There are 2 protein chains.
Amino acid sequence: MGDVVRERVEGKLRGAGHQATPQRMSVVGALCEEQHQSLDEIRARCPEVGLVTVYRTLDLLSELGLVRRMELGGRPRYEMAERHHHHLVCESCGLISEFEDCPLDQGVISRTSPEFRVTAHSLEVYGKCADCG
Amino acid sequence: MGDVVRERVEGKLRGAGHQATPQRMSVVGALCEEQHQSLDEIRARCPEVGLVTVYRTLDLLSELGLVRRMELGGRPRYEMAERHHHHLVCESCGLISEFEDCPLDQGVISRTSPEFRVTAHSLEVYGKCADCG
DNA sequence: TTACATGCAAATGGTTTGCAAACAT
DNA sequence: ATGTTTGCAAACCATTTGCATGTAA
């Protein structure tokens with residue numbers, strides 16, 4: 001994992017009164033290896049960390065805004081909340097890809113619901129990928 | 001529930017070789033009373049239908065494209081897939097509201113990912129509602 | 001009379017909690 | 001010393017499955 005990410009995570013943890021333990025940093029390392037992983041995929045990347053600790057670490061990092069939890073294709077998935085992006089989910093093979101071109105950048109919501117203060121949003125697009133098309 | 005909806009549902013069920021049983025129509029009736037309900041809310045509106053039957057009916061109606069299942073504010077919610085819309089979720093009080101002005105109508109995806117054939121999408125917006133603002 | 005549908009009880013499986021030991025400050 | 005973190009085992013709880021009974025074409 002990049003040193004930039006490590007330092008950002010350690011800083012956020014310490015700043016909130018938590019420790020940057022080896023287990024927690026292992027989970028972060030696992031998350032950095034790939035986007036939108038399931039719990040099993042994460043665990044396979046840090047098998048030395050106990051199941052319960054993985055759950056608690058994901059909760060903690062989510063609270064700190066470092067990790068994003070989402071439900072993609074019916075299963076919970078997690079990823080580092082670095083750059084803003086959305087997901088394309090292939091309904092045939094399950095392949096998940098990303099796109100960064102966010103259609104909400106233009107303030108659509110503030111125009112349609114001005115009384116609602118938007119803090120976040122998630123968008124998932126379903127269909128068929130190039131291979132299954 | 002409106003007769004239009006009832007007939008559409010009965011037609012779809014029969015057309016796919018299923019029966020429009022009283023239990024199934026009760027669940028449909030419950031779904032018609034309000035949008036994006038949790039399982040408990042649905043059950044409270046048709047307590048005469050067994051838990052398992054409610055689950056199976058929601059599955060069946062989802063397969064037929066009549067019901068939309070989504071994860072809003074961490075919990076599964078269901079609604080009749082009548083008109084296309086998206087949800088605003090208040091992170092303070094949990095209030096869920098809808099907006100119909102879909103920012104994806106303009107073919108954003110086909111421009112950014114032309115090799116992906118889009119069949120559906122879901123968008124959830126999180127923030128603070130007018131009362132919690 | 002045959003296939004479909006229901007609903008109870010039991011099984012399942014992902015997630016959370018209790019608690020004692022290990023660790024950090 | 002004191003509070004935090006870990007991880008096992010057990011608890012929990014939403015959802016699914018097995019199966020016997022009821023119902024429709």
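Residue numbering restarts at 1 for every chain, and letters A, B, ... go by the order of the sequence lines. In this text the structure is predicted, and so the values were computed from the model without any measurement.
The interatomic distance linking Q23(B) (CD) with dC8(C) (P) rounds to 11 Å, in whole Å. Rounded to whole Å, atom C1' of dA14(D) lies 15 Å from atom CZ of R75(A). Remark: C1' of dG22(D) and CD of Q19(B) are 12 Å apart, rounded to the nearest angstrom. Between E48(B) atom CD and dT6(C) atom C1' there is a gap of 13 Å when expressed in whole angstrom units.
When the side-chain nitrogen and oxygen atoms of T53(B) are compared with OP1 and OP2 of dA5(C), none of them lie within a distance under 4.0 Å.
Separating the NE2 atom in H85(A) from the SG atom in C102(A) is a distance of 11.0 Å, to the nearest 0.5 Å. The distance from atom CD of E115(B) to atom CG of L88(A), rounded to the nearest 0.5 Å, is 8.0 Å. For the atom pair OH of Y78(A) and CG of L58(A), the computed distance is 5.5 Å after rounding to the nearest 0.5 Å.
Among R69(A), H36(A), Q37(A), R68(A), the single residue meeting the side-chain hydrogen bond (donor to acceptor under 3.5 Å, both in side chains) criterion with E79(A) is R68(A).
Within the structure, the salt bridge (charged side-chain N to carboxylate O under 4.0 Å, His left out) test picks out the following pairs touching residues 25-38 of chain B (sequence neighbours left out): E33(B)-R45(B), E34(B)-R45(B).
Residues I42(A) and A30(A) share a closest heavy-atom pair of O-CB, 3.9 Å.
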Table of protein N/O atoms under 3.5 Å from nucleotides 14-21 of chain C N/O atoms:
unit_1: dT15(C); atom_1: OP2; unit_2: Y55(A); atom_2: OH; d: 2.3
unit_1: dT15(C); atom_1: O5'; unit_2: Y55(A); atom_2: OH; d: 3.0

